[in-house]
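To start, the structure itself, in structure tokens.
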Protein chains: 2
Amino acid sequence: MALNDRKIRILQAIINDYIETAEPVGSRTIAKKYNLGVSSATIRNEMSDLEEMGFILQPHASSGRIPSDLGYRLYVDHLMQKKELSYEEQSMMQAMISRNISQIDYLMEETAKAISMMTNYTTIISEPISRGTRIKQIRLLPLDSGSVLLVIATENNFIKNHVIKMGEAPEDMKVFEMGRCLNNVLQGHSIGEINRDLIARLQSELAEYAPLLPHILAAIESTMRAAEKVQVHMSGTKNILAFPEFSDIEKARALFQALEEKDVLVTLLEEGKDNGLQVLIGSENTVQSMKDCSVITATYKMGDDTRGTIGIVGPTRMDYSQVISVLNGMVQNIEKVLRDLSDGNKGS
Amino acid sequence: MALNDRKIRILQAIINDYIETAEPVGSRTIAKKYNLGVSSATIRNEMSDLEEMGFILQPHASSGRIPSDLGYRLYVDHLMQKKELSYEEQSMMQAMISRNISQIDYLMEETAKAISMMTNYTTIISEPISRGTRIKQIRLLPLDSGSVLLVIATENNFIKNHVIKMGEAPEDMKVFEMGRCLNNVLQGHSIGEINRDLIARLQSELAEYAPLLPHILAAIESTMRAAEKVQVHMSGTKNILAFPEFSDIEKARALFQALEEKDVLVTLLEEGKDNGLQVLIGSENTVQSMKDCSVITATYKMGDDTRGTIGIVGPTRMDYSQVISVLNGMVQNIEKVLRDLSDGNKGS
DNA sequence: GTTAGCACTCGATTCAAGTGAGTGCTAACA
DNA sequence: TGTTAGCACTCACTTGAATCGAGTGCTAAC
């Protein structure tokens, strides 16, 4: 059975209508609303074929049809026309995430909020992380009589600090001196590269403070590890309750349950991390309790190997075209903001 | 009409039963389940009195009674018996929030998660903030050719950094020298105290770098301001959907809407910030869309004037006694962890 | 190949009757 | 005077039958 032009037009009509109304679409509705130049009876015949081919489903014997996951897949891959963002949307986007943002976690919060506001779906976003970033600067500062502060700046301008408690801290000038040593030895290396050779060099250079060295190494390691941990932000969960597909409170609860687990969020975002933009429809995603949801993910970059992912979660009946355009726009936006951020902070 | 002993016992029975079952309580239920030694008819008479006094309500003419806000108030203030935490609960609490926590935002996340897991309500928690903290150490580090890093440690060991972009950064030793100057002048002062005199002193001491001074001052100000901004964490929103009072999806939606606004959360927590432990029942809290909820807040301290607030949100029919004991236990726990954290970090 | 017409299906809505938990009132009782 | 048994009454909720209507599949005619 061939998927001729008319079948495609009918499938498109069904999907468009169902996305809009969330009601199964009947042949008569299509005949009236979409001018295909044929009668409802003809459309019925075509629909029967489309069902046989697996693109649409009948929730029960005498109802209209709804798109199947396969139908949405065809739609997303071939039928859907890309929407352009309106001027209003673009400037709204910029206004929302560019004001006043100097810290990465605020930026994430604001971005997630902006997306869920514009799309009315739920947004999750992971902070940019990079495996194997190199150390740009590593220094020690005197803090008080019993502790010093380790400050590490990586090449993509992530800055982390760690308080090192050390019984009795060396005097200020010595702390600086140690810091300078550390910096000389470790600058330009990633955490994975801290091997015996480097440690031996540190031990000889910092011989005077040998007992402190393990403290310092432990602090470096834990700091770099923390920098590699994925931080996830979410916004717009309330939107879920607005969709008729979740008017059954048990379904809503299951979804909320899933979305409250960080692991689940990370999994969802990970699934999309290779491709630039990925659409997972219904059961295509691996999270069991989200078989009725689609997830659209996009990766944003910050420098060469530092990246994060944005995901939008909604019912399979989601406005793919709009979501994709918002997502594309937002990726560009966030990449720009991140560039500005890592080039040097605002207000200075 | 006097609130005699029997009336109180009946009220208590109604509240206990209603908290447990979420169903209006009838006179016959009370007569059977709670051995008051009188018949249901007598109880009916007493209930009629209690209703007249405003402690209980009848949802409709021929149903049982439910407690009113006033009834809960009496219960919380006078009738409720304090529950002790079981040994299991205590150790569970400690296990959950003590492992692996070296950063304050993780601590907050974990605490909120632990509380909502133990109570099955929704938890919000604000990070500790302090107005007018003093600067303990303030330093500059060279970062790269075009920027330096400002690091500020406050007396309660909050550490913040800020990248200062400055066209062409001075050479390393000069940066250190500037940092030392800054530290000499500003150490021990709070942001509010940075006045003309101090600025003048900085200007004369840093005369050589006068054009950079505004950059530095702006960075200090923005950093200290950020440190004073309230950060709020939330966990367990999904629990809301489990309560029959929110089986009406519109009610749930309204509540979710409210809880997604950071302002609302801050308001809720602020309302409780004076007292150690505060119970706001139903319409006692000022958030319009939360008239059916009770909010229990407790303040935790970290040093003298640094504090944060934990709030638990649930339906007015909440298990006040359990929530209060969990909250008290958790405040002690978190204060201990914070003490350890600010004394010096673990793992070092 | 397309269409009009028709019988049929089946979820959703409506309505009336029935059920039961609970009340208020009254009269009898200790 | 306080307590209780008994009874009529209320009202949300359940149940089941009738009806509605959107939609289908099939057939016969164009």
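Quick note on labels: first sequence line is chain A, next is B, and so on, each numbered from 1.
- Shown are A/Lys33, A/Arg65, A/Gln12; of these, the side chain to side chain donor-acceptor pair (under 3.5 Å) with A/Asp17 is made only by A/Lys33.
- The CD1 atom of B/Ile43 sits 9 Å away from the P atom of D/dT4 (whole-angstrom rounding).
- Summarising the geometry, the separation between CD1 on B/Ile10 and C1' on D/dT3 is reported as 13 Å, rounded to the nearest angstrom.
- If you take CD of A/Glu23 and P of D/dG21, they are 16 Å apart, rounded to a whole angstrom.
- Between B/Glu89 and B/Met118 there is a side-chain heavy-atom pair separated by less than 4.5 Å.
- A heavy-atom distance below 4.5 Å is found between the side chains of B/Gln58 and B/Ser63.
- Within a 6.0 Å radius of NZ in A/Lys251, other residues, nucleotides and ligands contribute 12 heavy atoms or fewer.
- When both pairing distances are held under 3.5 Å, D/dT27 makes a Watson-Crick or G-U pair with C/dA4.
- Atoms CD1 (A/Ile30) and C1' (D/dA22) sit 14 Å apart, rounded to a whole Å.
- Within the 4.5 Å cutoff, no side-chain heavy atoms of B/Glu271 are placed close to those of B/Val295.
- In summary, of the residues considered (A/Thr111, A/Ile125, A/Thr123), a side-chain contact (heavy atoms from CB on, under 4.5 Å) with A/Met330 occurs for A/Thr111 alone.
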Between the protein and nucleotides 21-28 of chain C, list the N/O to N/O atom pairs that are separated by less than 3.5 angstrom.
{"unit_1": "C/dT23", "atom_1": "OP1", "unit_2": "B/Arg65", "atom_2": "NH1", "d": "3.4"}
{"unit_1": "C/dT23", "atom_1": "OP2", "unit_2": "B/Ser27", "atom_2": "N", "d": "3.2"}
{"unit_1": "C/dT23", "atom_1": "OP2", "unit_2": "B/Ser27", "atom_2": "OG", "d": "2.7"}
{"unit_1": "C/dG24", "atom_1": "OP1", "unit_2": "B/Arg65", "atom_2": "NH2", "d": "3.2"}
{"unit_1": "C/dG24", "atom_1": "N7", "unit_2": "B/Arg44", "atom_2": "NE", "d": "3.1"}
{"unit_1": "C/dG24", "atom_1": "O6", "unit_2": "B/Arg44", "atom_2": "NH2", "d": "3.2"}

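- Taking atom NE2 of B/His60 as the reference point, atom P of C/dG20 lies 16 Å away to the nearest angstrom.
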